[in-house]
Visitor: 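This is the structure I want to talk about, given as C-alpha cells.
Remember, it's 1-based here, ligands and their atoms both numbered in the order they're listed. The shown structure was predicted, so the numbers you read here are calculated from the model rather than taken from an experiment.
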Amino acid sequence: MKRAPEFTHDVCIIGTGRVGLPLGLSLVDAGLDALGVDVDPAIRDAINAGRMPFAEPGYDALVNARRFVVHGDPAIAADCAAVVITVGTPLRNHIESDLRQIDAVLDGLAPHLRAGHLVCLRSTVAPRTTRYVARRLQRLTGLTVGEDLSLAFCPERIAEGRARIELRTLPQIIGADDETSGDAAEALFGRLAPETLRTDTVSAELVKLFNNIARYVEFAVANQFALVADTFGANIHEVRRLANHRYPRNGIAAPGLTAGTCLRKDFGMINEWNPHPDLMLAAWKMNEYVPAFLVQHLEQRMALEGRRVAVLGYSFKRDTDDVRDSLVPKLVRYIERCVPAEVRISDHNLPDPLPAAEGEPARRNHDFAAAVRGADAVFVAIDHSIYPTLVRKLAALAPDAWVVDLWNVGRIEQTFYRAHALGPANAR
Ligand SMILES: NC(=O)c1ccc[n+]([C@@H]2O[C@H](COP(=O)([O-])OP(=O)(O)OC[C@H]3O[C@@H](n4cnc5c(N)ncnc54)[C@H](O)[C@@H]3O)[C@@H](O)[C@H]2O)c1
C-alpha cells in the first residue's frame with residue numbers, strides 16, 4: 001500500500017474495542033502508520049497510557065510501545081488515507097440490527113472525507129448494509145463512491161483471544177462493488193494477511209454471517225442432542241464419543257452454553273429480512289434454552305430450594321474476560337427462581353464485583369474454593385481451560401454435590417454427576 005502524498009497517516013481505526021484495537025496494533029506491527037478514534041475516554045486513556053483495556057493475548061508489548069494513539073475527535077481521519085469502521089452493531093430488543101453506532105460514525109466522519117479516501121466497513125452487518133452506507137456517505141459528502149471515494153466491506157473473522165495470530169493468517173475477504181474500491185481495500189488488508197479474496201459487498205457480508213451462523217447452528221444441534229440424550233436417560237458424552245469414533249462422515253460438536261456478542265446476534269441480521277421460521281430461529285431457541293434445560297434436568301435429580309449453589313465461569317466463552325451476551329447471568333437467574341439459599345459465582349478472569357448488565361444486580365465474584373466449599377450443586381457454566389484441573393478438587397471440597405457439567409470438563413462423561421465421582425480413583 002502506497003500512501004497518497006495528501007495524507008499524513010495510513011489508517012484510522014474508528015472504534016478501538018475488541019476488534020478495532022487488535023486490528024490497529026497488528027497494522028502498526030505490519031509497518032503501517034495507524035491511529036485510532038474512540039468515543040469512550042476510558043478506552044482512550046488505557047490505550048494511550050500503554051495498557052490493554054481488556055484481555056487479548058499477545059498485544060501487551062505493542063500497546064505499551066504507544067505507537068498506536070487513540071483520539072476522541074474524528075477530524076483526525078482527514079489526514080488518514082484509509083478509515084476502517086469497527087464499532088458495535090448489536091441487535092435491538094426486536095429482531096433488528098442496531099445501526100446507531102455506524103450512523104454516528106458516518107455523521108462525524110463525513111465533514112472530514114475528501115476525494116481519494118478509502119472507507120472500509122469491518123463491523124458485522126446485515127446484507128446490503130454497505131450499500132446503505134454508500135448512499136448515506138454520498139448524501140452526506142457529495143462524493144461519489146467508486147469515483148471520488150472508495151468503499152469496501154472487509155469483515156473481521158477473528159475469534160477473541162486469537163486475534164494476534166488470526167489477523168496475520170486468516171484470508172481477508174475484500175467486498176467491493178467497484179474495482180477502484182476493491183483495489184484500495186486489497187492493498188490495505190494485503191499488508192496483514194497472506195491471502196485476499198475479492199467479491200462484492202453483499203457476498204462479503206454473507207461470508208461473515210454464514211461463518212458465524214454455521215457455528216451457531218452446529219452448536220445448537222449439539223445442544224439439542226444433549227437434551228434428547230438426557231430425556232431418554234442416555235449420556236450425551238458417551239453417545240457423541242461413540243458416534244464420532246473413526247466415523248468419517250460427521251464430527252458432532254460438544255454441547256455447551258452457546259452465546260456471545262457475535263454468535264447470538266448474527267442470526268438476527270438475516271432473520272430481520274425473513275418472516276418465516278427457519279433453521280436459524282430454531283438454533284437460537286435451542287441455544288437460548290440450554291440454561292433452562294440444565295436447571296430443569298438438575299431439579300429432576302435434586303431440588304435446589306434452600307440449597308447452596310456454585311456457578312463456575314461467568315464470561316461468554318472459555319478464557320475471556322468478555323461477558324457481553326453471556327448466557328451465564330441467565331443461568332444464574334433460572335437457578336435463583338428455584339429459591340436456593342445462596343448462589344456463589346466464581347470466574348478467575350473477572351473482577352469482584354462481576355461486571356453487570358444495565359439493571360442487573362452487582363454480583364460477588366468468589367475464588368474457586370470459597371464458591372464451591374460445602375456447595376450442594378455446582379454448575380460448570382463455562383469450560384475455562386483451568387477447570388479440568390480445578391474441578392477435581394470438588395471431590396474433596398463438596399463430595400456430595402451434584403455437578404452439572406455439560407462441557408464434560410470433569411472428563412466423567414456425564415452431564416449430571418456427584419462430585420465424589422471426580423475422586424482420584426475415577427481420574428482419567
Ligand atoms: N468481538 C469479536 O470477537 C468480534 C469478532 C468479529 C467481528 N466482530 C464485530 O466487530 C464489531 C465491533 O465489535 P467489538 O467487539 O469490537 O465491539 P466493542 O464494543 O468492543 O468496540 C466498539 C468500540 O467502538 C466505540 N465507538 C462506538 N461508537 C463510536 C463512534 N461514534 N466513534 C468512535 N468510536 C465509537 C466504542 O466506544 C467501543 O470502544 C461488531 O460489529 C462485532 O459484531 C466482533
Side-chain angles (χ1 to χ4, degrees), residues 12-26 35-48 52-57 59 68 70-77 80 83-92 97-112 119-127 129-130 133 136 153-167 170 172-173 204-205 207-213 215-216 259-270 315-326 355 357:
C12 171
I13 308 289
I14 303 199
T16 51
R18 298 210 178 233
V19 158
L21 178 57
L23 176 65
L25 292 170
S26 284
L35 53 81
V37 171
D38 203 293
V39 288
D40 184 340
I43 294 253
R44 294 199 302 268
D45 290 349
I47 299 167
N48 294 339
M52 289 296 287
F54 44 79
E56 184 61 48
Y59 285 106
F68 183 75
V70 185
H71 303 252
D73 187 346
I76 189 80
C80 304
V83 178
V84 182
I85 301 172
T86 49
V87 293
T89 48
L91 275 193
R92 289 178 182 266
S97 46
D98 182 346
L99 291 179
R100 280 176 291 183
Q101 291 185 40
I102 289 191
D103 286 342
V105 169
L106 299 181
D107 290 345
L109 188 60
H112 311 292
V119 176
C120 285
L121 188 57
R122 198 157 172 90
S123 306
T124 304
V125 292
T129 303
T130 312
V133 168
R136 192 169 166 125
F153 177 71
C154 304
E156 184 55 83
R157 299 191 298 158
I158 54 158
E160 267 179 44
R162 299 187 49 81
R164 186 80 207 270
I165 298 162
E166 292 192 348
L167 277 168
L170 289 182
Q172 293 290 320
I173 308 291
E205 290 162 342
V207 167
K208 169 64 192 173
L209 293 173
F210 288 178
N211 275 151
N212 272 3
I213 292 167
R215 280 165 59 72
Y216 193 66
T261 179
C262 289
L263 289 194
R264 196 198 63 81
K265 75 175 160 68
D266 287 1
F267 93 95
M269 295 198 168
I270 290 186
S315 54
F316 86 88
K317 71 165 187 180
R318 180 195 306 178
D319 297 344
T320 179
D321 62 353
D322 192 348
V323 298
R324 294 174 302 169
D325 280 333
S326 168

Visitor: Can you report which non-hydrogen protein atom sits closest to atom 13 (O) of ligand 1, along with the distance?
Guide: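 Checked against all protein heavy atoms, atom 13 (O) of ligand 1 sits closest to V19 CG2, 4.1 Å.
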Visitor: Between the side chains of T130 and E205, is a donor N or O closer than 3.5 angstrom to an acceptor N or O?
Guide: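 T130 vs E205: donor-acceptor pair found between side chains.
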Visitor: Would T261 count as a polar contact of ligand 1, with the cut-off being nitrogen or oxygen pairs under 3.5 Å?
Guide: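 Looking only at distances, the answer is no, because the N/O contact criterion of under 3.5 Å is not met.
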Visitor: Tell me the contacting part of P74 for ligand 1: side chain, backbone, both, or neither, using a 4.0 Å heavy-atom threshold, strictly below.
Guide: neither
Visitor: Under 3.5 Å between some N or O of ligand 1 and some N or O of D38?
Guide: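 Such a contact does occur with ligand 1.
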Visitor: So that I can tick it off, tell me whether D319 and R162 are bridged by a salt bridge, with the cut-off set at under 4.0 angstrom between side-chain N and carboxylate O.
Guide: no
Visitor: Only heavy atoms count here, so choose which of K265, R18, R162, E160 is nearest to atom 42 (C) of ligand 1.
Guide: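 Considering heavy atoms of K265, R18, R162, E160, the nearest to atom 42 (C) of ligand 1 sits in K265.
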Visitor: What is the distance from atom NZ of K208 to atom CG of N211, rounded to the nearest 0.5 Å?
Guide: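 Answer for the NZ-CG pair, K208 versus N211, is 7.0 Å.
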Visitor: With nothing but distance in play, are any N or O atoms of R157 less than 3.5 Å from an N or O of ligand 1?
Guide: no
Visitor: Tell me the protein heavy atom at minimum distance from atom 15 (O) of ligand 1, and give that distance in Å.
Guide: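 The answer is R324 NH2, 2.9 Å.
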Visitor: Provide the number and element of each atom of ligand 1 under 4.0 Å from a heavy atom of G17.
Guide: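 Near G17, meaning under 4.0 Å from one of its heavy atoms, ligand 1 has 16 (O), 20 (O), 21 (O), 23 (C), 39 (O).
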Visitor: For V133 and F153, what are the C-alpha separation, side-chain angles and deciding distance, and is it a side-chain contact (heavy atoms from CB on, under 4.5 Å)?
Guide: CA-CA 10 Å; V133 168; F153 177 71; over 6 Å; no
Visitor: Considering T89, I102, I158, which one's heavy-atom position lies nearest to atom 5 (C) of ligand 1?
Guide: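 Considering heavy atoms of T89, I102, I158, the nearest to atom 5 (C) of ligand 1 sits in I158.
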Visitor: So, is A159 polar-close to ligand 1, with some N/O to N/O distance under 3.5 Å?
Guide: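 No, there is no polar N/O contact under 3.5 Å.
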Visitor: Note the single closest protein heavy atom to atom 32 (N) of ligand 1, along with its residue, its atom name and the distance in Å.
Guide: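 Ranked first by proximity to atom 32 (N) of ligand 1 is V39 CG1, 3.5 Å.
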Visitor: Is E156 in polar range of ligand 1, meaning some N or O pair under 3.5 Å apart?
Guide: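 Between E156 and ligand 1, no N or O pair is found under 3.5 Å apart.
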Visitor: Out of all atoms in ligand 1, which are within 4.0 Å of some heavy atom of D40? Include the element for each.
Guide: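 Under 4.0 Å from D40, ligand 1 has these atoms: 37 (O).
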Visitor: What is the closest protein heavy atom to atom 24 (O) of ligand 1, and at what distance does it sit?
Guide: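 That would be G15 CA, 3.3 Å.
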Visitor: Determine whether a donor-acceptor pair (N or O, by modelled atom type, separation under 3.5 Å) exists between the side chain of T86 and the backbone of G15.
Guide: yes
Visitor: Quick one: does any side-chain atom of S326 pair with a main-chain N or O of S315 as donor and acceptor, under 3.5 Å?
Guide: yes
Visitor: How close does the nearest protein non-hydrogen atom get to atom 31 (N) of ligand 1, and which residue and atom is it?
Guide: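 Here the closest protein heavy atom is V105 CG2, 3.5 Å.
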Visitor: Measure the distance from atom 11 (C) of ligand 1 to every protein heavy atom, then report the residue, atom name and distance (to 0.1 Å) of the closest one.
Guide: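 Protein heavy atom at minimum distance: V87 O, 3.3 Å.
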Visitor: State the atoms of ligand 1, each with its element, that fall below the 4.0 Å cut-off from a heavy-atom position in Q101.
Guide: 27 (C), 28 (N)
Visitor: I'd like to check which ligand 1 atoms, numbered from 1 as shown, lie under 4.0 Å from a non-hydrogen atom of I43.
Guide: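 Those atoms are 39 (O).
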Visitor: Answer with side chain, backbone, both or neither: which part of T86 has a heavy atom less than 4.0 angstrom from an atom of ligand 1?
Guide: backbone
Visitor: Flag the pair D325 and K265 as a salt bridge only when some basic side-chain nitrogen lies within less than 4.0 angstrom of an acidic carboxylate oxygen.
Guide: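 Looking at K265 together with D325, the answer is no, because their closest N to O distance does not fall below 4.0 Å.
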Visitor: Does a sphere of radius 6.0 Å around CZ in F54 hold more than 12 heavy atoms from other residues, nucleotides or ligands, not counting ones at 6.0 Å or beyond?
Guide: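 Atom CZ in F54 is packed in, count exceeds 12.
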Visitor: Numbering the atoms of ligand 1 from 1, which are under 4.0 Å from a heavy atom of C262?
Guide: 2 (C), 4 (C), 5 (C), 8 (N), 43 (O), 44 (C)
Visitor: Short question: side chain of E166, backbone of A159 - any donor-acceptor pair under 3.5 Å?
Guide: yes
Visitor: Hey, are the side chains of T320 and R18 touching, using non-hydrogen atoms and a 4.5 Å cut-off?
Guide: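 The answer is yes, as the side chains (C-beta and beyond) meet within the 4.5 Å cut-off.
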Visitor: Under a heavy-atom criterion of less than 4.0 Å, does G108 contact ligand 1?
Guide: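 Per 4.0 Å heavy-atom rule, G108 does not contact ligand 1.
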Visitor: R122 near ligand 1, heavy-atom distance under 4.0 Å?
Guide: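 Outside the 4.0 Å threshold, so no.
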Visitor: The test is side-chain contact (heavy atoms from CB on, under 4.5 Å); show your working for T89 and T129 and say whether it passes.
Guide: CA-CA 11 Å; T89 48; T129 303; over 6 Å; no
Visitor: In terms of atom number and element, which parts of ligand 1 are under 4.0 angstrom from non-hydrogen atoms of I14?
Guide: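 Near I14, the atoms of ligand 1 are 32 (N), 33 (C).
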Visitor: Can you tell me which portion of T124 lies within the under-4.0 Å heavy-atom range of ligand 1? Options are side chain, backbone, both, or neither.
Guide: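 Near ligand 1, T124 shows its backbone as well as its side chain.
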Visitor: Check whether Y59 forms a cation-pi arrangement with R164 (NZ or CZ under 6.0 Å from the six-membered ring centre, at most 45° off the ring normal).
Guide: yes
Visitor: Check each atom of ligand 1 against the heavy atoms of K208 and keep those under 4.0 Å away; list them by number with element.
Guide: 6 (C), 7 (C)
Visitor: Is a salt bridge present between K317 and E160, judged by a nitrogen-to-oxygen distance below 4.0 Å?
Guide: no
Visitor: Taking the side chain as C-beta and beyond, is there a heavy-atom pair between I158 and L23 under 4.5 Å?
Guide: no
